[in-house]
Amino acid sequence: MEGGDGSVAVSGLGALGSAAATATVRELLQDECYRDFLNEDFDVKAYTSQSIHQAVIAEQLAKLAQGISQLDKELHLQVVARHEDLLAQATGIESLEGVLQMMQTRIGALQGAVDRMKAKIVEPYNKIVARTAQLARLQVACDLLRRIIRILYLSKRLQGQLQGGCREITKAAQSLNELGLSKTSS
């Protein structure tokens, strides 16, 4: 982390090597060559073109290589100083991976159980939906058959009344009216 004065706070360091690490970081930060890299608005293209215009590319490359070397040495020292902690963390990560794998296995089993339950629920539901639609169609068909039977009954009655001659004419007119009403209600 960069402080307000351009210094870097080194967090998480123990007593061993923390003073040396802080000194190395401060030493690198005091050099103008490295300070540019810590700016939030660092622009690689602008830095490169500035270096080309100043014609000090070889010097800056040498300084950058030296800084990288110092950081590598400091990183090595930190790893050596904290190898026990790092090994403990690596072991912890391995155990967490085991727990994660076990959880993934259990999640897979749970997903399988959910899929089986879904199959047991979805199949009967689909049957109910299909049977409900079939029942609705049967009700419509029954209604149409009732109307057809009524029309057939009225038409037979009308034929019988028409064969009866003039004395059945009023009854025939009434049957004809009922027949007309039966056709328009469907």
Side-chain angles (χ1 to χ4, degrees), residues 1-13 35-52 71 75 78-79 82-186:
M1 278 178 6
E2 186 175 340
D5 60 350
S7 65
V8 172
V10 180
S11 63
L13 296 177
R35 191 173 297 156
D36 293 338
F37 292 106
L38 296 175
N39 290 335
E40 291 289 328
D41 57 344
F42 176 73
D43 185 14
V44 175
K45 291 180 182 179
Y47 181 80
T48 306
S49 66
Q50 179 185 1
S51 297
I52 291 172
L71 289 174
L75 181 62
Q78 293 297 321
V79 169
R82 290 174 177 69
H83 74 280
E84 292 293 329
D85 291 339
L86 293 172
L87 287 175
Q89 287 179 3
T91 304
I93 289 172
E94 287 177 4
S95 66
L96 284 177
E97 286 176 346
V99 169
L100 179 63
Q101 188 174 22
M102 180 183 65
M103 292 304 291
Q104 286 175 335
T105 303
R106 288 184 179 177
I107 288 170
L110 185 61
Q111 186 66 42
V114 167
D115 290 342
R116 286 190 301 277
M117 284 178 55
K118 189 189 301 183
K120 288 180 179 180
I121 293 171
V122 168
E123 185 179 332
Y125 172 77
N126 288 338
K127 284 183 180 179
I128 289 171
V129 168
R131 296 290 160 85
T132 304
Q134 187 179 22
L135 181 62
R137 289 190 300 267
L138 280 173
Q139 286 175 339
V140 168
C142 286
D143 188 46
L144 287 175
L145 283 175
R146 271 190 231 104
R147 289 180 185 183
I148 291 171
I149 291 171
R150 176 79 176 147
I151 291 171
L152 286 174
Y153 170 75
L154 290 174
S155 65
K156 281 185 182 180
R157 190 171 79 180
L158 180 62
Q159 281 178 350
Q161 290 167 345
L162 288 177
Q163 288 175 357
C166 288
R167 55 175 205 235
E168 298 280 329
I169 196 89
T170 56
K171 289 181 181 177
Q174 185 179 2
S175 294
L176 191 58
N177 185 32
E178 286 180 33
L179 192 61
L181 290 177
S182 293
K183 287 182 180 178
T184 58
S185 66
S186 57

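Hydrogens, waters and symmetry mates are skipped; everything else that's a heavy atom, side chains included, is used.
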_Atom CE of Met102: over 12 foreign heavy atoms under 6.0 Å_ = yes
_Within the structure provided, determine whether Gln161 and Gln174 are in side-chain contact (heavy-atom separation under 4.5 Å)._
no
*Could you pull out all residues at least two apart from Arg146 that satisfy side chain to side chain contact (heavy atoms under 4.5 Å, CB included)?*
Cys142, Asp143
*asked:* Would you compute the distance between atom CZ of Arg157 and atom CG of Leu162 and round it to the nearest 0.5 angstrom?
replied: 11.5 Å
*Distance in Å, Asn126 CG paired with Arg131 CZ, rounded so as to fall on 0.5 Å steps*: 12.0 Å
*What pairs meet the salt bridge (charged side-chain N to carboxylate O under 4.0 Å, His left out) rule with one or both residues in residues 100-122, with sequence neighbours excluded?*
none
*Measure the spacing between CG of Leu100 and CD1 of Ile93 and express it to the nearest 0.5 Å.*
12.5 Å
*Ala172 to Leu158 - nearest heavy-atom pair and separation*: O-CD1, 3.2 Å
*asked:* Rounded to the nearest 0.5 Å, what separates atom CG in Leu154 from atom CG in Asn177?
replied: 10.5 Å
_How close do Pro124 and Ala119 get, counting heavy atoms only, and between which atoms?_
CD-O, 4.2 Å
*Working to the nearest 0.5 Å, report the span between CG of Leu96 and CD of Gln89.*
11.0 Å
_Quick check: closest heavy atoms across Ser95 and Gly92, and the distance to 0.1 Å?_
OG-O, 2.8 Å
*Look up atom OG1 in Thr91 and atom CG in Leu86, then write down how far apart they are to the nearest 0.5 Å.*
10.5 Å
